[in-house]
Amino acid sequence: MLITSIYTLTIFTSAFLLFLIQPMIPKLLLPHLGESPAVWNTTKVFFLIMLLLSYTYAHFSNKLPGATKQVIFILLMLLFIPVAEDKVASGATFMTS
């Protein structure tokens, strides 16, 4: 019973902290990206998509038998981060005032 309570408290605390931090990033980016509602909406959609992808990752990594296959799955996912980062960085332009 105690371990279940600790897990429940941990899950709710992490969800609370995640949703507490989510609005801070758009507030920091708004002055640099033009202060339009589209920037706010885009950052919120980004966070929701990342949340959905993390839930999908947790679901599929739990289905993989053995630690070796999970490590291979994680390493394959990490290979795609630089590709996505380069595509975003090449198209990103900040408004300067």
Side-chain angles (χ1 to χ4, degrees):
M1 180 69 180
L2 178 65
I3 292 179
T4 306
S5 300
I6 291 173
Y7 284 142
T8 305
L9 180 66
T10 303
I11 289 170
F12 281 114
T13 304
S14 65
F16 172 74
L17 291 174
L18 176 71
F19 289 115
L20 183 71
I21 290 175
Q22 271 186 350
M24 289 182 189
I25 304 297
K27 285 182 183 179
L28 291 172
L29 290 176
L30 278 174
H32 299 288
L33 296 175
E35 299 185 16
S36 69
V39 174
W40 181 266
N41 292 336
T42 303
T43 54
K44 296 304 278 185
V45 168
F46 171 77
F47 276 113
L48 289 175
I49 288 173
M50 295 309 293
L51 183 64
L52 178 66
L53 289 175
S54 64
Y55 285 151
T56 305
Y57 161 72
H59 173 73
F60 285 118
S61 69
N62 194 19
K63 300 279 184 189
L64 293 173
T68 307
K69 289 186 180 179
Q70 288 182 0
V71 169
I72 291 170
F73 184 68
I74 292 170
L75 291 175
L76 285 174
M77 288 182 58
L78 289 176
L79 288 175
F80 289 106
I81 291 174
V83 172
E85 193 174 281
D86 287 341
K87 291 189 184 277
V88 171
S90 65
T93 57
F94 288 101
M95 295 179 67
T96 57
S97 55

Q: Who else is in the cluster with L52 when I, L, V, M, F, W and Y are joined by side-chain contacts under 4.5 Å?
A: none
Q: Kindly compute the distance separating CG (L28) from CE (M24), expressed to the nearest 0.5 Å.
A: 8.5 Å
Q: Which heavy atom in T13 sits nearest to a heavy atom in L9, and how many Å separate them?
A: OG1-O, 2.7 Å
Q: Hydrophobic cluster membership, with links at side-chain heavy-atom distances under 4.5 Å among I/L/V/M/F/W/Y: are V45 and M50 in one?
A: yes
Q: If I take atom OG1 from residue T43 and atom CZ from residue F47, how far apart are they, to the nearest 0.5 angstrom?
A: 7.0 Å
Q: Find out whether V39 and S36 are in side-chain contact, i.e. whether some heavy atom of one side chain is under 4.5 Å from a heavy atom of the other.
A: yes
Q: Under a 4.5 Å side-chain heavy-atom rule over Ile, Leu, Val, Met, Phe, Trp and Tyr, are Y55 and F19 clustered together?
A: yes
Q: How does the hydrophobic cluster around Y7 look, that is, which other residues are in it when side-chain heavy atoms under 4.5 Å mark a link?
A: I3
Q: Under a 4.5 Å side-chain heavy-atom rule over Ile, Leu, Val, Met, Phe, Trp and Tyr, are L17 and F12 clustered together?
A: no
Q: By the rule that ILVMFWY residues connect when side-chain heavy atoms come within less than 4.5 angstrom, directly or transitively, which residues belong alongside L2?
A: I6
